[in-house]
Amino acid sequence: MTKLKSDLLHILTERGYIHQCTDTEALDAAAADGCITAYNGFDCTGPSLHVGHLLPIMMLRILQRTGHKPIILLGGGTTKIGDPSGKDESRKMLDDKAIDDNIASIGRSFSRFLTIGDRATDAQMVNNSDWLEGLGYISLLRDIGPHFTINRMLTFDSVKLRLDREQPLTFLEFNYMILQAYDFVVLNQRYGCTLQTGGSDQWGNIVNGVELGRRLNGTSLYGLTCPLITTSSGAKMGKTASGAVWLNEDELSPYDYWQYWRNTEDADVGRFLRLFTDLPMDEIGKLEALAGNEINEAKKVLANEATALAHGREAADLAAETARQTFEQGLTSTDLPTIELEKDVLAQGLLTAKLVHHAGLSASASAARRDIKGGGVRINDKAVTDEKATVSEGDLNADGMIKVSLGKKKHVLIKPV
């Protein structure tokens with residue numbers, strides 16, 4: 001490929017964001033020539049986005065930093081349909097209030113990563129229910145339907161996955177790719193948007209939008225996808241034994257978010273520094289060259305920078321200091337994540353394994369028993385080796401809480417209420 005002309009594609013390529021592009025040379029020329037407008041869609045299936053959504057958000061961040069305009073498309077309309085991409089089964093249907101509540105909650109995540117406002121390159125949030133809700137079914141079939149063939153739709157991975165596994169794909173979900181393609185055309189008409197970004201599982205949907213824009217209006221639109229990230233051990237990005245790694249602090253504390261990045265596998269540190277921080281490449285090169293125990297310093301930098309982006313520098317510094325006190329000085333800090341437990345339950349005595357599970361440190365009580373047998377569980381910094389051991393009110397520390405630990409890095413305070 002010829003040398004890239006635009007800062008946008010140069011940085012995205014250098015840092016490892018690009019998986020596929022519909023026309024790299026033309027997009028590069030457009031980005032070098034002036035400000036382009038790009039969007040990424042986010043359906044509103046939960047109250048918060050999670051780490052699995054970070055790559056597209058970081059792409060929009062780089063797009064804005066290189067002089068272009070991001071559009072955040074919230075799927076108030078498409079959430080009612082459900083994207084079948086990468087799913088083995090249909091999503092749970094949400095009512096209008098749940099979707100509206102999720103939109104309000106999710107919207108808070110973006111302000112940390114993007115500058116949102118009314119200036120030329122400020123990010124803009126839009127909701128596709130604004131145009132999808134008013135569509136007439138017959139009109140959609142007549143005007144948009146002829147540009148899609150069932151033959152081609154059946155070749156896309158989102159459809160083939162379900163059919164190959166003999167899982168039901170509803171007619172409702174089958175329409176999702178048409179609506180996403182229509183979104184792209186509407187955003188182009190209303191806002192001059194010419195680029196859609198997304199994860200690699202969205203490639204088929206994005207290509208549909210590019211082709212629909214050409215067929216309807218003769219417009220040159222572009223698609224750009226980022227890779228779906230897994231850890232070096234093959235684990236899915238953003239999932240832990242305790243659940244999803246949420247971006248909203250009311251779903252996951254900044255301390256737990258910091259810990260997620262601090263626990264990055266050694267082989268992933270350099271790659272994650274490039275993808276999930278703003279650190280310059282030369283500094284990243286020095287950090288990923290560290291070996292042995294020194295790699296832990298690079299992990300701390302990753303945790304600090306990633307947490308600062310999601311929660312602010314103050315929260316990141318507090319999380320780092322809490323970790324330092326907890327791990328290096330053995331102190332109980334009130335800044336550790338706190339889980340409530342009914343006093344009556346504690347008064348009657350509770351199996352330590354159940355408490356560990358309640359604290360979210362093990363996926364189940366049986367898993368917690370295995371952790372105890374393996375010597376990984378501590379109560380108030382004292383090792384527990386008996387899988388039948390119990391905790392009670394007598395285990396409350398001077399702060400009136402119980403500190404539960406799994407390994408050296410996972411700690412939770414139990415507070416009786």
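For clarity, every value in this text was computed on a predicted model and none was experimentally measured.
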query: Are Ser109 and Asn248 linked by a side-chain donor-acceptor pair shorter than 3.5 Å?
result: yes

query: Side chains of Thr194 and Asn188: is there a donor and an acceptor less than 3.5 Å apart?
result: no

- line: In short, Ala323 meets Trp258 closest at the heavy-atom pair CB-CZ3, 3.5 Å

Sidechain N-carboxylate O distance under 4.0 Å for Lys80, Glu133: yes

Shortest non-hydrogen contact from Ile71 toward Leu60: O-CD1, 4.3 Å

field: Side chain proximity check, His411 to Tyr255, heavy atoms < 4.5 angstrom
entry: yes

- prompt: Counting N and O atoms only, with roles assigned by atom type, does the side chain of Asn380 sit under 3.5 Å from a partner on the main chain of Asp395, one being a donor and the other an acceptor?
  reply: yes

field: From Glu14, Glu283, Glu288, residue fulfilling salt bridge (Lys or Arg N to Asp or Glu O under 4.0 Å) relative to Arg274
entry: Glu288

- prompt: Does Arg61 use its side chain to pair, donor to acceptor, with the backbone of Leu114 at less than 3.5 Å?
  reply: no

- prompt: Is any side-chain N of the basic residue among Glu305 and Arg313 closer than 4.0 Å to the acidic one's carboxylate O?
  reply: yes

- prompt: Should Leu221 and Leu195 count as side-chain neighbours, where that means a heavy-atom distance under 4.5 Å?
  reply: no

task: Dump the intermediate steps for salt bridge (charged side-chain N to carboxylate O under 4.0 Å, His left out) on Asp282 and Lys286, then the final yes or no.
output: CA-CA 7 Å; Asp282 57 349; Lys286 294 174 184 177; 5.5 Å; no

query: Between Arg378 and Gly407, is there a donor-acceptor pair closer than 3.5 Å when you use the side chain of the first and the backbone of the second?
result: yes

- request: Working to the nearest 0.5 Å, report the span between OG1 of Thr197 and CG of Leu55.
  value: 10.0 Å

message: Do Tyr176 and Asp43 pair up side chain to side chain, a donor and an acceptor below 3.5 Å, judged on atom types alone?
response: yes

message: Determine whether a donor-acceptor pair (N or O, by modelled atom type, separation under 3.5 Å) exists between the side chain of Thr307 and the backbone of Ala303.
response: yes

field: Donor-acceptor contact below 3.5 Å, side chain Asn127 vs main chain Asp130
entry: no

CD1-CD distance between Ile414 and Glu340, expressed to the nearest 0.5 angstrom: 10.0 Å

- prompt: What's the verdict on salt bridge (charged side-chain N to carboxylate O under 4.0 Å, His left out) for Arg65 and Asp7, showing C-alpha distance, side-chain angles and the deciding distance?
  reply: CA-CA 10 Å; Arg65 289 172 59 200; Asp7 289 341; over 6 Å; no

- request: Verify side chain to side chain contact (heavy atoms under 4.5 Å, CB included) between Val210 and Val207, making sure each step is shown before the conclusion.
  value: CA-CA 5 Å; Val210 170; Val207 168; 5.5 Å; no

query: If we only count heavy atoms from C-beta on, is the Asp317 to Glu314 side-chain gap below 4.5 Å?
result: no

field: Interatomic spacing from CD1 in Ile229 to CG in Leu54 - rounded to 0.5 Å
entry: 10.5 Å

- prompt: Would you say the side-chain atoms of Asp122 and Thr115 include a donor-acceptor pair closer than 3.5 Å?
  reply: no

task: Scan side-chain atoms only and decide if Ser232 and Asp268 contain a donor-acceptor pair under the 3.5 Å cut-off.
output: yes

query: Do Phe184 and Tyr39 pass the ring pair (Phe, Tyr, Trp, His ring centres under 6.0 Å) test, and can you show the C-alpha distance, the side-chain angles, and the key distance before you say yes or no?
result: CA-CA 8 Å; Phe184 200 176; Tyr39 93 94; 5.5 Å; yes

- request: Tell me yes or no: between the side chains of Ser362 and His357, is some donor less than 3.5 Å from an acceptor?
  value: no

query: Taking C-beta and beyond as the side chain, do Leu212 and Ile144 meet within less than 4.5 Å on heavy atoms?
result: yes

Verdict with supporting geometry, Ile18 and Leu9, side chain to side chain contact (heavy atoms under 4.5 Å, CB included): CA-CA 9 Å; Ile18 296 180; Leu9 288 195; 4.0 Å; yes

- request: Measure centre to centre between the rings of Phe42 and Phe110, then say whether the value is under 6.0 Å.
  value: yes

- request: State the CD-CZ distance between Gln64 and Phe113, to the nearest 0.5 angstrom.
  value: 13.0 Å

message: Just verifying a value: how many Å separate Ile284 CD1 and Met281 CE, rounded to the nearest 0.5 Å?
response: 5.5 Å

- prompt: What do you reckon, are the aromatic ring centroids of Tyr257 and Trp246 less than 6.0 Å apart?
  reply: no

field: Criterion side-chain contact (heavy atoms from CB on, under 4.5 Å) against Leu73, the qualifying member of Val186, Thr78, Val126
entry: Val126

- request: Could you give me the CA-CA distance, side-chain angles and deciding distance for Trp131 and Leu187, then say whether side chain to side chain contact (heavy atoms under 4.5 Å, CB included) is met?
  value: CA-CA 10 Å; Trp131 54 84; Leu187 289 171; 3.7 Å; yes

field: Beyond-backbone contact of Ser220 with Arg214, side-chain heavy atoms, under 4.5 angstrom
entry: no

query: Does one side chain, of Gln196 or Gln202, offer a donor that lies under 3.5 Å from an acceptor on the other?
result: no

message: Are more than 12 heavy atoms, taken from residues, nucleotides or ligands other than His53, located less than 6.0 Å from that residue's NE2 atom?
response: yes

statement: Taken to the nearest 0.5 Å, the spacing of Thr264 OG1 from Lys300 NZ works out to 14.0 Å

task: In plain terms, say whether Lys410 and Asp256 are close enough for a salt bridge, that is, a side-chain N and a carboxylate O under 4.0 Å apart.
output: no

message: Does either side chain, that of Trp261 or that of Asn304, offer a donor lying less than 3.5 Å from an acceptor on the other one?
response: no

query: Is Asp28 reaching over with its side chain to a backbone N or O of Thr24, donor-acceptor style, under 3.5 angstrom?
result: no

Stepwise side chain to side chain contact (heavy atoms under 4.5 Å, CB included) test for Asp250 and Arg108: CA-CA 11 Å; Asp250 50 354; Arg108 300 198 306 269; 3.0 Å; yes

task: For residues Val51 and Met237, determine if any side-chain heavy atom of one lies less than 4.5 Å from a side-chain heavy atom of the other.
output: yes

query: For the residue pair Val356 and Val377, what are the closest heavy atoms and their distance?
result: CG2-CG1, 3.8 Å

- prompt: Would you find a donor on one side and an acceptor on the other, under 3.5 Å apart, between the side chain of Asn128 and the backbone of Asp183?
  reply: no

query: Do you know which two heavy atoms are closest between Cys21 and Leu224, and how far apart they sit?
result: CB-CD1, 3.7 Å

message: Evaluate Arg152 against Glu211 for salt bridge (charged side-chain N to carboxylate O under 4.0 Å, His left out), listing each step before the verdict.
response: CA-CA 12 Å; Arg152 181 158 170 76; Glu211 293 179 352; 3.1 Å; yes

task: Could you check if a side-chain atom of Leu361 sits within less than 4.5 angstrom of a side-chain atom of Asp371, using non-hydrogen atoms only?
output: no

query: For residues Ser233 and Glu265, is any side-chain donor paired with an opposing acceptor at under 3.5 Å?
result: yes

- request: Using atom types as modelled and distance alone, determine if a side-chain donor or acceptor of Thr225 lies under 3.5 Å from a backbone N or O of Gln20.
  value: yes

- request: Might you point out which heavy atoms bring Leu309 and Phe276 nearest each other, and give the distance in Å?
  value: CD1-O, 3.5 Å

message: So Ile36 and Leu27, do their side chains get closer than 4.5 Å, heavy atoms only?
response: yes

task: State, to 0.1 Å, how close Ala123 and Ile72 come at their nearest heavy-atom pair, and which atoms those are.
output: CB-CD1, 4.4 Å

- prompt: Are any side-chain N or O atoms of Thr390 and backbone N or O atoms of Leu351, one a donor and one an acceptor, separated by less than 3.5 Å?
  reply: no

